[in-house]
Visitor: 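Before I ask anything, here is the structure I am working with.
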Amino acid sequence: MVEVREAAKVLSQARRVVVFTGAGISAESGVPTFRDALTGLWERFDAQALATPQAFQDDPDLVWGWYEWRRTVIRRVHPNPGHEAVAAIEARTPRSVVITQNVDDLHERAGSAGPLHLHGSLFEPRCASCARSAPVPDGEEPAEGRRLAPPRCEHCSGPVRPGVVWFGEALPEQILETAVQEATDCDVLLTIGTSGLVYPAAEIPKVAAMFGATVIQVNPQPTPLDAVAGINLHGTAATILPALVTAAWPRLS
Ligand code: BV8
Ligand code: ZN
């Protein structure tokens with residue numbers, strides 16, 4: 001693919017790289033994306049409606065059950081060659097950072113150093129009342145899912161909630177600030193497996209382009225970021241990214 005060679009040339013000469021990821025990079029590990037219809041107990045629900053403070057208020061057992069089911073899925077799957085290629089890019093570039101919208105830990109398990117989780121993590125539950133962190137449950141949820149009462153906080157016995165950012169909630173200020181700064185200072189931004197529809201995260205690739213970086217998109221489908229990207233690689237993360245690393249650093253592969 002000509003575009004892969006063109007992207008590889010730009011990447012191999014980059015001094016500061018941002019890798020921006022969405023649900024698509026975990027799809028080939030078997031993690032449903034947000035676009036994918038929900039299954040089991042949640043098939044009649046919309047993910048965007050469930051991922052809200054209101055849903056947790058109205059039916060905490062349904063929402064907690066959903067997050068515990070997602071945490072169980074993540075525990076059972078593994079990073080794919082897309083995650084591994086991202087860790088390889090970090091190892092081969094002078095300075096790089098991963099900025100992810102994903103709440104899974106697959107980047108960390110693939111060897112990425114300190115990815116910035118804009119939307120939180122499934123492994124950082126906290127009390128919904130006093131915000132103190134709570135232990136990560138070690139239970140396994142049934143495949144079809146179930147309602148599950150949230151644990152109680154050891155300090156104030158308030159309900160424990162998932163450590164993620166729900167729709168209508170602010171992103172973690174420090175992490176968002178750092179992400180915007182990294183996008184401002186980078187010379188290459190790779191945007192991988194995101195539909196670019198959720199804000200303010202979707203601003204990140206635009207900030208990078210505005211400050212002169214080359215934006216490279218990896219996605220099998222067109223997205224609103226097609227116009228922002230200087231190079232569009234139409235394919236899946238686990239196929240395109242290893243090819244990009246090999247083309248950028250042939251002697252190291
Ligand atoms: C806030 C955690 C205010 C929870 C998530 C401006 C304009 C319009 C709307 C808004 C706006 N500003 C704010 C809003 C509202 C809202 C928003 O953006 N709504 C959208 C939907 C219109 N934003 C918010 O509510 C944000 N908060 O604004 O607060 C505020 C400010 C101050 C004080 C108080 C309040 C919070 C947003 C964060 C919500 N939490 N996740 C959880 O996970 O349960 S968002 C969640 O959905 C994910 O984290 C991710 O960000 C998003 C899903 O998007 P993607 O990751 O891109 O995944 P998606 O499924 O959409 O697409 C997958 C892509 O991969 C596709 O393109 C597909 O083609 C591709 N793909 C598939 N397979 C592969 C692949 N690519 C490569 N390889 C493959 N194999
Ligand atoms: Zn508490």
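The shown structure was predicted, so the numbers you read here are calculated from the model rather than taken from an experiment.
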Visitor: For side-chain contact (heavy atoms from CB on, under 4.5 Å), just list the numbers for Arg75 and Glu141, CA-CA rounded to whole Å, side-chain angles, deciding distance to a tenth of an Å, and then say yes or no.
Guide: CA-CA 11 Å; Arg75 275 240 165 98; Glu141 293 308 299; over 6 Å; no
Visitor: Please report the interatomic distance CG(Leu241) to CG(Leu190), rounded to the nearest 0.5 Å.
Guide: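 These two atoms lie 7.0 Å from each other.
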Visitor: List, one per line, each side-chain donor-acceptor pair under 3.5 Å for residues 12-20, sequence neighbours excluded.
Guide:
from  : atom 1 : to   : atom 2 : distance (Å)
Ser12 : OG     : Ala8 : O      : 3.2
Ser12 : OG     : Lys9 : O      : 2.8

Visitor: Can you get from Phe123 to Leu116 by hopping between Ile, Leu, Val, Met, Phe, Trp and Tyr side chains that sit under 4.5 Å apart?
Guide: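 Phe123 and Leu116: separate clusters.
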Visitor: Does a side chain donor of either Thr178 or Gln174 reach within less than 3.5 Å of an acceptor in the other side chain?
Guide: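 There is such a pair (donor and acceptor under 3.5 Å, judged by atom type) between the side chains of Thr178 and Gln174.
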Visitor: Hey, any chance Val136 and Val165 share a hydrophobic cluster, counting ILVMFWY side chains that come within less than 4.5 Å of each other, even indirectly?
Guide: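 Different hydrophobic clusters.
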Visitor: List the atom of Ala51, the atom of Tyr67, and the distance in Å for their closest heavy-atom pair.
Guide: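 Heavy-atom minimum between the residues: CB-OH, 3.5 Å.
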Visitor: Answer yes or no: is there an ion pair linking Arg109 with Asp104, defined by an N-O contact shorter than 4.0 Å?
Guide: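 So Arg109 does not pair with Asp104 through a salt bridge.
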Visitor: How many angstroms lie between CD in Glu84 and CD1 in Ile89, if you round to the nearest 0.5 Å?
Guide: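 The distance works out to 12.5 Å.
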Visitor: Side chain of Trp64, backbone of Arg161: donor and acceptor closer than 3.5 Å?
Guide: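 Pair absent, no side-chain N/O of Trp64 close to backbone of Arg161.
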Visitor: In residues 193-201, what donor-acceptor pairs under 3.5 Å come from side-chain atoms, sequence neighbours left out?
Guide:
from   : atom 1 : to     : atom 2 : distance (Å)
Thr194 : OG1    : Gln101 : NE2    : 2.9
Thr194 : OG1    : Gly196 : N      : 3.2
Tyr199 : OH     : Lys206 : NZ     : 2.9

Visitor: Enter the distance from Ile216:CD1 to Glu3:CD here, rounded to the nearest 0.5 Å.
Guide: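 The CD atom of Glu3 is 11.5 Å from CD1 of Ile216, to the nearest 0.5 Å.
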Visitor: Ser26 and side chain to side chain contact (heavy atoms under 4.5 Å, CB included): which partner among Val31, Val77, Thr100?
Guide: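 Answer after filtering Val31, Val77, Thr100: Val31.
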Visitor: On a heavy-atom basis, which atom in Val164 and which in Ser121 lie closest, and how many Å separate them?
Guide: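 Heavy-atom minimum between the residues: CG1-O, 3.7 Å.
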Visitor: Which atom pair, heavy atoms only, marks the closest approach of Ala27 to Thr33?
Guide: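 Looks like CB-CG2, 4.0 Å.
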Visitor: Test of understanding: clusters of I, L, V, M, F, W, Y form through side-chain heavy atoms closer than 4.5 Å, transitively. Do Val228 and Val218 belong to the same one?
Guide: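 No, Val228 and Val218 fall in different hydrophobic clusters.
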Visitor: To the nearest 0.5 Å, what is the distance between OG1 (Thr93) and CG (Asp187)?
Guide: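 CG of Asp187 is found 9.5 Å from OG1 of Thr93.
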Visitor: Compare every heavy atom of Asn102 with every heavy atom of Ala23, then report the nearest pair and how far apart it is.
Guide: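 Scanning both residues completely, I find the closest heavy atoms to be N-OD1, 3.0 Å.
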Visitor: Within this structure, what is the CG-CG distance for the pair Asp105 and Leu122, rounded to the nearest 0.5 Å?
Guide: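 Here the interatomic distance stands at 8.5 Å.
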Visitor: Shared ILVMFWY cluster between Phe34 and Ile74, side chains joined below 4.5 angstrom?
Guide: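 Result: no, two separate clusters.
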Visitor: Leu189 and Ile204: side-chain contact (heavy atoms from CB on, under 4.5 Å), yes or no, with the steps?
Guide: CA-CA 9 Å; Leu189 181 141; Ile204 299 287; 4.0 Å; yes
Visitor: Please collect all ring-ring contact (aromatic ring centres under 6.0 Å, His included) contacts where either partner lies in residues 72-94, sequence neighbours excluded, each pair once.
Guide: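 Sorted pair list: His83-His107.
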Visitor: Please lay out, stage by stage, how Ile99 and Leu118 fare under the test side-chain contact (heavy atoms from CB on, under 4.5 Å).
Guide: CA-CA 7 Å; Ile99 300 172; Leu118 290 175; 3.6 Å; yes
Visitor: Side-chain donor-acceptor pair under 3.5 Å between Asp226 and Gln217, yes or no?
Guide: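 Asp226 vs Gln217: donor-acceptor pair found between side chains.
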Visitor: Give me the atom names and distance for the closest heavy-atom approach of Asp61 to Pro150.
Guide: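 Heavy atoms only, the tightest pair is OD1-CD, 3.5 Å.
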Visitor: Taking the side chain as every heavy atom from C-beta outward, state whether Pro60 and Pro159 have any atom pair closer than 4.5 Å.
Guide: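 With C-beta onward as the side chain, the pair stays apart.
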Visitor: Nearest 0.5 Å please: distance from the CG atom of Leu176 over to the NE2 atom of His119.
Guide: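 If we round to the nearest 0.5 Å, Leu176:CG and His119:NE2 are 8.5 Å apart.
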Visitor: Quick check: is Phe211 connected to Val188 through a chain of hydrophobic side chains (ILVMFWY, heavy atoms under 4.5 Å apart)?
Guide: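 Hydrophobic grouping puts Val188 apart from Phe211.
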Visitor: Near Asp58 CG, under 6.0 Å, is it more than 12 heavy atoms from other residues, nucleotides or ligands?
Guide: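 Check passes, neighbour count above 12.
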Visitor: Does any part of the side chain of Cys156, heavy atoms only, come nearer than 4.5 Å to the side chain of Cys127, both counted from C-beta?
Guide: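 In contact.
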Visitor: Take Asp185 and Arg95 through the side-chain contact (heavy atoms from CB on, under 4.5 Å) test and state the conclusion after the steps.
Guide: CA-CA 11 Å; Asp185 300 339; Arg95 181 176 163 153; 6.0 Å; no
Visitor: Looking at every heavy atom in both Ala183 and Cys186, which two are closest together, and how far apart are they?
Guide: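 Closest approach of Ala183 to Cys186: O-SG, 3.4 Å.
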Visitor: With heavy-atom distances below 4.5 Å as the criterion, would you say the side chains of Arg70 and Val103 are in contact?
Guide: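 In contact.
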Visitor: Do Glu108 and His117 have side chains that approach each other closer than 4.5 Å (heavy atoms only, starting at C-beta)?
Guide: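 Yes, close enough: below the 4.5 Å cut-off.
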Visitor: Does Phe45 reach the side chain of Leu62, with side-chain heavy atoms less than 4.5 Å apart?
Guide: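 Yes. Closest side-chain heavy atoms under 4.5 Å.
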Visitor: Do Glu28 and Pro81 have side chains that get closer than 4.5 Å, going by heavy atoms?
Guide: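 Result no, sub-4.5 Å side-chain heavy-atom pair not found.
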Visitor: Between Arg92 (side chain) and Ala248 (backbone), is there a donor-acceptor pair under 3.5 Å?
Guide: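 Side chain of Arg92 to backbone of Ala248: no pair is present.
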